[in-house]
Amino acid sequence: MADQGITPRSEDYSRWYLDVIAAAELIDSSPVRGSMVLRPHGYAIWEAIRADLDRRFKETGHVNAYFPLFIPQSFLSREAEHVEGFAKECAVVTHHRLRAAEGGGVEPDPAARLEEPLVVRPTSETIIWHMYGRWINSHRDLPLLINQWANVVRWEMRTRPFLRTAEFLWQEGHTAHATRAEAEEEARRMLGVYRDFCVETLAIPVLPGVKSASERFAGAEDTYTIEAMMQNGWALQAGTSHFLGQNFARAFDVTFQNEQGEREYVWATSWGVSTRLVGAAIMTHSDDTGLVLPPRVAPIHVVLVPIWRGASQKAQVLDFARRVGAALSRRFSVEIDDRDNMKPGAKYFEWERKGVPLRMEIGPRDVAKNSVFCKRRTGGDKFAIEVGDLGEAFLDAVGRELDRIQAELLARATALREARTFRVEDYAEMKARISEEPGFYLVPWHDDAEAEAAIKAETRATIRCFPLAGQEEARGRRCFYSGRPATHMAVFARAY
RNA sequence: CGGGGAGUAGCUCAGUCUGGUAGAGCAUCGGCUUUGGGAGCCGAGGGUCGCAGGUUCGAAUCCUGUCUCCCCGACCA
């Protein structure tokens with residue numbers, strides 16, 4: 001293993017993020033610009049996220065399905081705003097066969113040009129609503145609550161591992177409802193599911209809110225968001241949920257017969273989170289030593305490092321470690337690092353880099369005391385846990401340590417966000433501070449797209465959202481920019 | 001897509017200016033010795049110098065093109 005120097009956050013935050021990812025062997029770059037290879041340790045984090053969310057989706061009545069990767073080009077033009085939003089970043093398939101090229105290699109066979117080009121999905125509203133048109137006839141077919149786990153492609157100009165890649169993994173929920181109220185409720189319900197997931201599972205505090213018109217999803221009437229704050233004070237949109245009105249129903253002519261026998265357009269929502277969440281977790285919790293992961297998504301919960309001197313100790317220590325490991329495996333994901341070509345200290349550094357929440361050192365002294373010597377990835381002194389008869393009491397004790405780590409991470413992230421959330425009354429103050437003190441700037445705001453654009457040009461900060469909570473504070477106040485009566489409370493921040 | 005930087009062994013890099021046929025440390029493999037916070041000794045393997053053209057007797061080195069990565073912008077989950 002090469003030297004895994006990690007640039008300190010204080011020196012270069014972007015570099016630090018890339019170093020952490022490389023040192024933990026989460027991803028590798030691929031030969032194609034902007035597409036990343038998810039290595040086993042990185043993919044395992046996504047698998048944990050997916051398993052947890054999938055359970056939450058099913059608990060709220062959704063079912064999974066799978067729609068095709070390829071979308072007929074003509075579908076993208078059906079909804080005017082939608083095409084405008086995505087046209088610039090679509091990959092298009094034009095041929096279905098290669099042939100040998102002159103001078104070696106291969107090239108698309110001109111004789112195999114597709115009659116209609118196929119777009120690699122940047123999102124699936126169009127093909128899904130095409131299908132919904134065939135499935136929905138009566139109010140008895142509604143609501144239709146479908147989710148899919150898939151990859152999508154958006155040909156981004158600038159990419160960043162996990163946070164923005166040309167191809168990424170995500171889930172997209174697409175629901176159809178009989179009434180506006182029901183669809184709006186669904187969009188908000190799923191935002192709540194995302195919020196709960198981020199807080200409970202990823203230990204990331206998030207701010208739920210509504211997007212301003214300029215940040216709204218292409219084709220949506222309302223876009224809801226959860227905004228997270230990274231350690232450098234920048235905002236990251238961690239998930240979105242859209243109330244799509246009847247836009248896609250009209251574009252794809254999806255109607256249903258209501259109880260009075262009248263035909264009506266269907267009301268829609270869509271909502272998604274992506275592998276960006278892995279990046280959010282990394283950026284929120286990791287430190288200058290390397291990756292830190294919340295136990296609930298850590299691929300390995302506990303690593304056991306046996307320590308011995310001489311062959312007889314080795315046999316004794318390994319036997320004990322394996323019995324402890326077997327017991328822990330009943331409830332946790334466990335790794336026993338019995339490599340004999342590495343000293344214990346080197347192993348500690350390696351597992352810390354990889355973000356394993358809890359380490360147990362097992363040497364002759366621990367065997368004699370029937371305990372394990374533990375260290376939490378979040379810090380603190382080493383401490384012993386009695387293993388007893390390797391029963392439930394031991395597992396409970398280990399579980400409490402993991403819960404404690406989970407809670408510590410959430411508390412730290414919450415404290416950082418609170419320390420970096422600023423209430424500001426006038427624009428000059430934000431403009432002066434935001435470079436040196438990046439964070440969430442909560443301000444009274446008179447909604448105005450031009451003013452928003454002007455602020456972005458001057459400060460590079462954008463409206464991340466109008467928080468769902470606390471909008472009543474805007475009443476009777478003046479916009480921090482224009483002085484006009486405030487229509488909203490807005491959060492401005494630099495964003496990824 | 002514009003501006004800047006970088007691609008040489010698994011990793012970090014030297015060699016490029018001044019063209020002469022590839023090097024170090026770490027990692028890897030074998031052996032011995034080690035193991036409570038980044039081990040030591042001995043030996044070995046490993047590179048069409050990102051790729052494609054060009055100049056030249058000869059190219060990692062000079063020229064042109066191209067791809068990928070990183071940083072800064074504009075665009076975006």
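Here the structure is a predicted model, which is why all the values come from computation and not from measurement. So you know, we letter chains A, B, ... as the sequences are listed, proteins then strands, and number each from 1.
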C1' spacing across the pair B:rU56 / B:rC62, given as an integer number of angstrom: 10 Å
A:Thr165, nearest nucleotide to its side chain (from B:rA77, B:rC72, B:rC70): B:rA77
Base of B:rG38 and ring of A:Phe349 stacked, centres under 5.5 Å, planes under 30°: yes
B:rU16 versus B:rG3 - spacing of their P atoms, nearest Å: 29 Å
Proximity to the side chain of A:Asp340 - top-ranked nucleotide from B:rG38, B:rU28, B:rU34: B:rU34
Aromatic plane relationship, A:Trp267 with A:Phe243 - under 30° parallel, 30 to 60° tilted, over 60° perpendicular: parallel
From B:rG36, B:rC71, B:rA77, nucleotide with atom closest to A:Ile307 side chain: B:rG36
Between B:rC1 and B:rU8 - C1' atom distance, rounded Å: 30 Å
Distance test, side-chain N/O of A:Lys456 to OP1/OP2 of B:rC75, below 4.0 Å: yes
C1' atoms of B:rU55 and B:rG46, separation to the nearest Å: 32 Å
Check: A:Glu352 side chain, B:rG37 base, donor-acceptor under 3.5 Å: yes
P spacing across the pair B:rG23 / B:rA9, given as an integer number of angstrom: 14 Å
Nucleotide nearest A:Glu89 (side chain, heavy atoms from C-beta), chosen from B:rU35, B:rC71, B:rC76: B:rC76
Shortest non-hydrogen contact between A:Arg377 and A:Glu352, atoms and distance: NE-O, 2.9 Å
Geometric class of the A:Phe252/A:Phe248 ring pair [parallel <30°, tilted 30-60°, perpendicular >60°]: parallel
Donor-acceptor contact below 3.5 Å, side chain A:His285 vs main chain A:Leu293: no
Per A:Met157 side chain, nearest of listed nucleotides B:rA74, B:rC71, B:rC70: B:rA74
